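Just below is one structure, and these are the notes that go with it.
Proteins come first, then strands; the chains are lettered A, B, ... in the order of their sequence lines, and each starts at number 1. These figures come from a predicted structure and were not determined experimentally.
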Protein chains: 2
Amino acid sequence: MKPTDSELEILHVLWTSGPSTVRQVHEALSQSRDLGYTTALKLMQIMHEKGLLTREESNRSHTYAAAVTEEETQRGLVDRFVETAFRGSASKLVMQVLGQHKASRQELDEIKKLLNQINSSDESN
Amino acid sequence: MKPTDSELEILHVLWTSGPSTVRQVHEALSQSRDLGYTTALKLMQIMHEKGLLTREESNRSHTYAAAVTEEETQRGLVDRFVETAFRGSASKLVMQVLGQHKASRQELDEIKKLLNQINSSDESN
DNA sequence: GGTTTGCTACGAAATTATTCGTAGATGTCC
DNA sequence: GGACATCTACGAATAATTTCGTAGCAAACC
């Protein structure tokens, strides 16, 4: 699946807040932007149809939850993005990001550590 | 500007091949997927209107060229992508990409070099 | 010079995403 | 029980993207 931007917003709410009602999601989204309640509802209904959300209907106000993990979703998005924006060159993307965005010392260290792991586990290249 | 996927395909042809006619672009795109000549034409006309392409009309078959560089376009795309898919965390994106895609020894070394530069030029974090 | 070929411009259909209004059902509160 | 609030479902308007057909013009070709 390739969630749209709006769908990603909703997924983020559910990933961080856990299973929620439409009202809760709508309230969270309203913090950052303007959208109607039924808009959120419709989006979540569609996402449910698509299999992006699960739905618990025992209460009158249904409870929705993400049916996909943040990890796997990001994996898909990254694949697609590397392909369309960087013609498959992941390292170019990494270079671009590192050059362009501030990262904390700690984050940089983590990245280095990961790089070292990759290096040592794959001496063939 | 935020080029669409189709627009990116055309930009890539122009970035790699240099200024080209619609026919040349159409031929290049036809290698990888199926699309009509007038579709390519229309897309390029729209991109010209948007200012993504320049157009040289001295010949009957106009010559188009990218009006934006690959570098700056990718910068914009990355910004947007970090925001929507990783809620602003560039380092998370980097980690995800590194974990997920193969890179050559040489690429990894380049990335490390860049990391060291960042580290040493910013001792404050 | 008439036919064929190749090009642009234009309109419009098809698709997808986003948005919201309204209707109908159900629950809540005096 | 009646008024009000809250929820779902649904239809539909709007917008953006992608697609292609057709028309009109200019060039090239016997």
Rounded distance (Å) that lies between atom C1' of dT19(D) and atom CD of Glu7(B): 14 Å
Establish, with yes or no, whether the OP1 or OP2 oxygen of dA17(C) is under 4.0 angstrom from a side-chain nitrogen or oxygen of Lys2(A). yes
Respond yes when some side-chain nitrogen or oxygen of Tyr37(B) is under 4.0 Å from OP1 or OP2 of dG21(D), and no when none is. no
Are Val68(A) and Val78(A) connected in a single hydrophobic cluster, I mean Ile/Leu/Val/Met/Phe/Trp/Tyr linked by side-chain heavy atoms less than 4.5 Å apart? yes
Whole-Å distance, Met47(B) CE to dT19(D) P, equals 13 Å
Please state how far atom NE2 in His48(A) lies from atom P in dT8(D), giving the value in whole angstrom units. 12 Å
Pairing of Lys2(A) and Asp79(A) as salt bridge, 4.0 angstrom limit: no
Specify the residues of residues 22-36 of chain B, ordered by number, for which at least one heavy atom lies under 4.0 angstrom from an atom of DNA chain D. Arg33(B), Leu35(B), Gly36(B)
For DNA chain C, which residues of residues 57-65 of chain B approach it to below 4.0 angstrom with any heavy atom? Arg60(B), Ser61(B), His62(B)
Could you tell me how far apart Met44(A) (CE) and dA17(C) (P) are, to the nearest whole angstrom? 18 Å
Should we count CZ of Arg87(B) as having more than 12 external heavy atoms under 6.0 Å? yes
Length of the CG-C1' vector between Leu41(B) and dG21(D), whole Å: 13 Å
Nearest atoms (heavy-atom pairs only) where Leu114(A) meets Gly99(B): CD2-N, 4.4 Å
Using OP1 and OP2 only, check whether a side-chain N or O of Gln45(A) sits under 4.0 Å from dA9(D). yes
Which whole-number value in Å describes the distance from Ile46(B) CD1 to dA9(C) P? 12 Å
With a 4.5 Å cut-off on side-chain heavy atoms, are Thr69(B) and Glu72(B) touching? yes
Minimum heavy-atom separation for Leu8(B) to Thr84(A), with atom names? CD1-O, 3.6 Å
Roughly how many Å is it from CD in Glu49(B) to P in dG11(C), rounded to a whole number? 12 Å
Indicate, with a heavy-atom threshold strictly under 4.0 Å, whether Thr4(B) touches base, sugar-phosphate, or nothing. sugar-phosphate
base_contact_polar (dG11(D) base, Lys42(A) side chain, donor-acceptor, <3.5 Å): yes
Value in whole Å for how far the C1' atom of dA17(C) lies from CG of Asp5(A): 10 Å
Side-chain polar contacts of residues 88-96 of chain A - donor-acceptor pairs under 3.5 angstrom, sequence neighbours left out - could you list them?
{"from": "Ser89(A)", "atom 1": "OG", "to": "Lys92(A)", "atom 2": "N", "distance (Å)": "3.3"}
{"from": "Ser91(A)", "atom 1": "OG", "to": "Glu107(B)", "atom 2": "OE2", "distance (Å)": "2.8"}

Any side-chain N or O of Thr38(A) less than 4.0 Å from the OP1 or OP2 oxygen of dG21(C)? no
4.5 Å side-chain heavy-atom contact, Val22(A) and His62(A): no
Whether Tyr64(A) and His48(A) hold their rings parallel, tilted or perpendicular, with breakpoints at 30° and 60°: perpendicular
Does a nitrogen or oxygen in the side chain of Ser6(A) sit under 4.0 Å from OP1 or OP2 of dT18(C)? yes
Search all heavy atoms of Arg33(A) against all heavy atoms of Ser6(A) and return the closest pair with its distance. NH2-OG, 4.0 Å
